[in-house]
Protein chains: 2
Amino acid sequence: MNTLLKQLKTARQEKGLKQSEFGKKLGLPQSHISRIERGKTDPRLSTVADMARIADHELMLVPRRLVPVIRFMTEGGNDQEPMWKPDE
Amino acid sequence: MNTLLKQLKTARQEKGLKQSEFGKKLGLPQSHISRIERGKTDPRLSTVADMARIADHELMLVPRRLVPVIRFMTEGGNDQEPMWKPDE
DNA sequence: TTCGTATATGTGTAATAGCATATATTCATG
DNA sequence: CATGAATATATGCTATTACACATATACGAA
């Protein structure tokens, strides 16, 4: 499907928001959130941008040659954890 | 207005495409491209994503704390040029 | 002027968005 | 197990709007 929508769903879940709460913050009905997350509808740009912001994210336009780097930074894993440890 | 749309427009221009050519690659009429770029309409997610790809870009969902870094990478300037040179 | 490009307008259609409701599904708790 | 509450998905029915298509206007350059 659309990976962006999947990312949005997990972002919402990580915020601990259910679809109805999420929708209320956006002024959207729960049913619509559901349809969007499952890819049953093609939402408007403003809708997705709003959803992103509520979920502490941002919708950005990225030049293709930077995509791999950014992908690594975002889904590369939890960078609360160090990526390597010095030899002891 | 929406900075993302402005970015899309300059991305198209940098590709040397006029609205009509751009639209043809997308299966969209020129009039629609015009309305979108001027913020007179709220396009669908798929439309914007398609426009991004044609313009050699990608629409990405980015965690808020990474936004400044990515902004620096993208609009930070031409990184064909090295950001520093070693002392000689 | 004529040509190329960008923006504007109007009409018809298809799809999103709003609203209410129905149907799972899971998970407690008696 | 049964029952009920909380969550997620589904459906039907309107209203609003993106989108398709044609056409018109504006403006600058050759």
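In the text below, chain A, chain B and the rest are named by the order of the sequence lines, each starting its count at 1. Heavy atoms only: backbone and side chains are in, while hydrogens, waters and symmetry mates are out.
For the segment residues 17-25 of chain B, the set of residues with a heavy atom within less than 4.0 Å of an atom of DNA chain C comprises Lys18(B), Gln19(B), in numerical order. Of the residues in residues 45-60 of chain B, not one places a heavy atom less than 4.0 Å from an atom of DNA chain C.
For the pair Ile36(A) CD1 and dA17(C) C1', the computed distance is 9 Å after rounding to whole Å. In this structure, the NE2 atom of His32(B) is 16 Å from the C1' atom of dA22(D), given to the nearest Å. The nearest whole Å value for the distance from the CZ atom in Arg44(B) to the P atom in dT16(C) is 5 Å. Computed from coordinates, the Lys40(A) NZ to dT11(D) C1' distance equals 13 Å when rounded to whole Å. What separates CG of Leu28(B) from P of dA20(D) is a distance of 5 Å, to the nearest Å.
Taking the side chain as every heavy atom from C-beta outward, Glu58(A) and Arg53(A) approach each other to under 4.5 Å. In this structure, the side chains of Asn2(B) and Leu45(A) come closer than 4.5 Å at one or more pairs of heavy atoms. Residues Val48(A) and Val48(B) form no side-chain contact, since every pair of their non-hydrogen atoms from C-beta on lies 4.5 Å or further apart. Side-chain contact check for Ile33(B) versus Leu26(B): some heavy-atom pair is nearer than 4.5 Å. Within the 4.5 Å cutoff, the side chain of Lys25(B) has heavy atoms near those of the Leu17(B) side chain. For the pair Ile36(A) and Met51(A), the minimum side-chain heavy-atom distance is below 4.5 Å.
Mapping Pro43(A) and Arg12(B) onto DNA chain C by nearest heavy atom places Arg12(B) closer to the 5' end of the strand.
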Contact pattern, 5' to 3', of nucleotides 23-30 of chain D - B, S or - by protein heavy atom under 4.0 Å:
--------
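Side-chain atoms of Asp42(A) do not come within 3.5 Å of backbone N or O of Arg44(B) as any donor-acceptor pair. No donor-acceptor distance shorter than 3.5 angstrom exists from the side chain of Arg35(A) to the backbone of Lys40(A), with no hydrogens or angles considered.
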Stepwise, does the side chain to side chain contact (heavy atoms under 4.5 Å, CB included) test hold for Lys9(B) with Arg12(B)?
CA-CA 5 Å; Lys9(B) 174 170 182 173; Arg12(B) 169 183 65 80; 4.1 Å; yes
Working note: Met73(B) + Met73(A), criterion side chain to side chain contact (heavy atoms under 4.5 Å, CB included); need CA distance, chi angles, decisive distance, verdict.
CA-CA 13 Å; Met73(B) 285 191 288; Met73(A) 286 192 288; 3.2 Å; yes
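One finds no side-chain N or O of Ser34(A) lying less than 4.0 angstrom from the OP1 or OP2 phosphate oxygen of dA8(D).
Distance OG1/Thr41(A) to NE2/His32(A): 5.0 Å, rounded to 0.5 Å.
Between the base of dG10(C) and the side chain of Arg35(B) there is a donor-acceptor pair shorter than 3.5 Å.
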